[in-house]
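In this text the structure is predicted, and so the values were computed from the model without any measurement. As a basis for the values below, the full set of heavy atoms in this structure was taken, side chains included, without hydrogen atoms, waters or symmetry mates. Within every chain, numbering begins at 1; the chains are lettered A, B, ... in the order of the sequence lines, protein sequences first and strands thereafter.
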Amino acid sequence: MSFVEYGDTIQEGDTAIVFLGHESMFPVKVQHGSKTQTKTQILYSTDISLITMMLELKPGSIVCESGTGSGSLSHAIIRTVAPTGHLYTVEFHQQRAEKAVEEFREHKVEHLVTVKNQDVCKNGFGVSNVADAVFLDIPSPWEAIGHAKSALKVEGGRFCSFSPCIEQVQRTCLALEEHGFTEINTLEILLRVYNVRTISLQIPDLGKAAEDNSNPGFDSSNQANQGVLCGSQQQGTIQFKSGVPLREMVGHTGYLTFATKSLL
Amino acid sequence: MGARGRLSAPAQCGRWPEGARGCTRCLQPAAVRVMEGSTGPGVRIREGDCAVLKRDEVFKAVPILKRRKVIFEKQWFYLDNAIGHIYGTTFEVTSGGSLQPKKEMEEPTTETKEAGTDNRNIVDDGKSQKLTHDDIKALKDKGIKGQEIVQQLIENSTTFRDKTEFAQDKYIKKKKKKYEAVITIVKPSTRILSTMYYAREPGKINHLRYDTLAQMLTLGNIRAGNKMIVMETCAGLVLGAVMERMGGYGSIIQMYPQGGPVRAATSSFGFPASFFNSLYEFPLSKVDSLLSGTFSIETLPSESEDNIPAEEESNGSLDEKPASIQETEEESTTEAAMESNQTEEQETMDLAAEDTENKESKEKGNKENIREKQRKQQERRKKLAEAAALLKEKNADGLIVAGRFHPTPLLLSLLEFVAPSRPFVVYCQYKEPLLECYTKLREKGGVINLKLSETWLRNYQVLPDRSHPKLTMSGGGGYLLSGITVAMDKGKSDAGSLEAEKTEEPTSKKRKLEELHS
């Protein structure tokens, strides 16, 4: 199947995803005689989701992006704006730009994207007043605000800049204000994943009182504890299902700054 | 529509419809696109449009109707003057309630402001402002512009000069927010409507925060050409978001509970009528019979009457659809009752409208009425049969569930209609039901890559030397369970049992092995 359309069967030339188990998925090129190649992917899927919605992307949208980088956001954008939209992506690193062109062709989406190898801060996106949205993931986004503004349609559009450092964000917000952007808003989004686990906790042995009622405070036979009693009353365990957070989680990817260009 | 209800309207080469640059397959150039009735750039506000009023971070969805009083942010006005202007224009409310486009005004150049260094000598006794409530009201009544009032307040504040520059800045911003009432009229979008609902009426959307909705759309790979199954009780917001991302291509089957599909929020998006041609609905109460093969269109005589989709009735009476767009904050616990009540209200209003039209020839009118009703019923049954047929193919490209019902039974049945190797996403306000859902799905098999997650969202204030996260943040935006369907042959697939091993808490030995591998 191509990137922008589902298919029913695996075809020669497809890129399929192999699932080996929890946390273990990787892409594989379906080709006679090719060995499996593992590629590293920088996927900020969480960020991509928010960017897509906040830039109001949908079929038919025209988007300008820089830098292309690994192309993960580029692919997400292409998938969203298909079949009638277009992505203009600018990458100043020549090899990366060439790699991107190759990949888009492999994934059969070259008709939806134009790659330019230039410096967006100096030469802009190569188009003017056509974009519904502009996205920047570059070291000095404040230098490209002017170009972003001219790439956006006259009647307005949405803007987003992704920066890891707060200092970059500060400069970008200032530049946005100076260029007359409105609705300037900076936020960050983090993903928390939970593992579903069946947990067993032991019931402590608090000794036995003289009377029958051993544990008046903790009625271990009471199902309302949401647990399942296992084993004997004394050294038993209670089982329950829990959504356990991971030991470590991503604490920061980058700050997302959004803004609107409008007529007034 | 194609065999699978996919991409419609073939172009020159029969592939994609003409896009901005022409057919994207055979590269035939496009005809020049002419914007209806507009001169110059931008889309113009027209009567009947679904628009959104915006003031700072506050939104309100309204239909653009003439001679209709609108309340927004403690102000009353008419929208008549907005018609013809471009979306994105900012207006001021003049005395009398009419809108005037805001003129680009020069910010009064803040002459080298006198400012203090810190607040050690500033006493907050509430007496530093010399203008009284009455004075300010008098100014407002005279028609003095908001900017002037703010200026007056600054001049009459005894402590202003002593405040630090930052404090002065903050003071001015606060007063501007209160007295300079400007309203921008914008086009609706998922971003705007989901933010609006979360802020104004989270109860209606099961507290689905907008970033969680954004995750659902991406995790579910919602895009043009899909055949989606959507089951939601979020006033139609999720449905609208899905429709926006599909752009009118492909098809959607909305599953609905008792009372009919609610599409109050969906109408606020202002989609063109063509989008609704490939939108179907199907009652949950018939899912079992459809799965067991005992479903037949004949077994629904009176159902088609009360299950009229809410959006049908709302065309003339959007402004009367108040509960979704009211100023008052209502955390409705009886959402279902409210929603179906509205459908009834709208029905009676629509019928009332129909009645006044037929005043002249009453008898003739009645006959026409009945014929019209019958025709509509026929149409509904036809669409229902189409929906059933689409579902029976069991090849949907994805499933989205977001509602007040317990997700487990929904997923277990509705996944039957989804093709293998397709994503599904379930939203739940609470975590625990998703834990159970996860477990049951594992037992059943046929799914991989199950993931239970939530997102944290934090807003920042970014100002020179004053950047920091904002004071409050949302405590929770709900949880998501997502996964991918796989083909199930010969009972439980191997992948299912592989996963089952991992749900037990790993012993230290297992953990060591895992660490070696990663």
Side-chain angles (χ1 to χ4, degrees), chain A residues 4-6 8 19 21-23 25 45-46 48-50 52-60 62 76 79-80 82-86 111-112 129 153-156 166 169-170 173-174 184-200 241-243 255 257 260 262-264, chain B residues 7 16-17 19-21 24-25 27 41-43 86-90 102 104 189-191 210-211 213-215 217-219 221 223-226 244-249 397 431 434-436 438-439 448-449 451-460 462 464 467 495 498-499 502-505:
Chain A
V4 286
E5 204 186 18
Y6 276 122
D8 287 322
F19 178 85
H22 202 54
E23 300 286 305
M25 290 210 301
S45 174
T46 317
I48 289 176
S49 311
L50 191 62
T52 308
M53 187 186 81
M54 297 294 272
L55 286 181
E56 302 182 358
L57 302 186
K58 54 186 186 246
I62 311 289
R79 176 268 314 270
T80 303
T84 44
H86 201 83
H111 57 293
L112 292 165
N129 301 129
K153 287 182 176 157
V154 173
E155 62 267 32
I166 194 70
V169 175
Q170 287 177 307
C173 286
L174 216 54
I184 302 169
N185 185 27
T186 301
L187 34 76
E188 71 173 337
I189 182 167
L190 294 176
L191 184 71
R192 265 179 75 88
V193 179
Y194 297 97
N195 280 332
V196 181
R197 294 268 181 275
T198 307
I199 308 287
S200 302
K241 282 248 178 290
S242 176
Y255 300 101
T257 302
T260 305
S262 56
L263 264 179
L264 246 194
Chain B
L7 307 149
W16 308 100
R21 292 156 71 246
T24 47
R25 264 299 192 203
L27 299 178
V43 185
I86 299 175
Y87 275 100
T89 310
T90 305
K102 178 167 192 241
E104 188 95 45
S189 68
T190 302
R191 166 183 79 97
Y210 44 95
D211 59 302
L213 175 59
Q215 301 302 313
L217 297 170
T218 300
L219 286 170
N221 202 23
R223 59 182 180 175
N226 281 1
E244 186 186 80
R245 289 281 270 265
M246 287 177 56
Y249 300 102
D397 293 315
K431 205 203 298 182
L434 292 180
L435 293 176
E436 204 214 277
Y438 182 105
T439 311
I448 57 165
N449 208 33
K451 186 164 84 166
L452 174 62
S453 65
E454 68 164 332
T455 42
W456 276 8
L457 189 69
R458 210 173 191 187
N459 267 283
Y460 282 77
V462 178
S467 301
L498 233 180
E499 289 301 309
K502 306 270 178 175
T503 52
E504 299 303 316
E505 189 168 345

Work out which heavy atom in B/S467 is nearest to a heavy atom in A/I166; give both atom names and the distance.
CB-CG1, 4.5 Å
For A/S242 and B/L435 the tightest heavy-atom approach is C-CD2, 3.7 Å
Least distance between heavy atoms, A/S262 atom then B/G88 atom
CB-O, 4.4 Å
What distance do B/Y87 atom OH and A/E155 atom CD have between them, rounded to the nearest 0.5 Å?
13.5 Å
Heavy atoms, side chains only, cut-off 4.5 Å: are A/L174 and B/P464 in contact?
yes
So how far is it from B/T190 OG1 to A/M54 CE, rounded to the nearest 0.5 Å?
11.5 Å
Nearest heavy-atom contact between B/Y460 and A/L187 is CD1-CA, 4.2 Å
Atom of A/K241, atom of B/T439 and distance for their closest heavy-atom approach:
CE-OG1, 2.7 Å
Are B/R458 and A/Y255 in a cation-pi setup, meaning NZ or CZ lies under 6.0 angstrom from the ring centre and within 45 degrees of the ring axis?
no
Hey, could you give me the CE/CG distance between A/M53 and B/D211, rounded to the nearest 0.5 Å?
7.0 Å
Gap separating the CG atom of B/L217 from the OG1 atom of A/T52, nearest 0.5 angstrom:
9.0 Å
Verdict with reasoning, A/T46 to B/T455, per side chain to side chain contact (heavy atoms under 4.5 Å, CB included)
CA-CA 8 Å; A/T46 317; B/T455 42; 3.8 Å; yes
Interatomic distance, CD@B/Q215 vs CD1@A/I48, rounded to 0.5 Å, equals 10.0 Å
Does a donor on one side chain and an acceptor on the other come within less than 3.5 Å for B/E454 and A/Y194?
yes
What are the two closest heavy atoms between B/E244 and A/K58, and how far apart are they?
O-CB, 3.5 Å
Tell me, side chain or backbone of A/N185 under 4.5 Å from chain B's heavy atoms, or both, or neither?
side chain
With no hydrogens and no angle check, is any side-chain donor or acceptor of A/Q170 less than 3.5 Å from a backbone partner on B/V462?
no
Identify, with sequence neighbours excluded, every residue that meets side chain to side chain donor-acceptor pair (under 3.5 Å) alongside A/E56.
B/S189, B/R191
Counting only heavy atoms closer than 4.5 Å, note whether A/I184 contacts chain B via side chain, backbone, both or neither.
neither
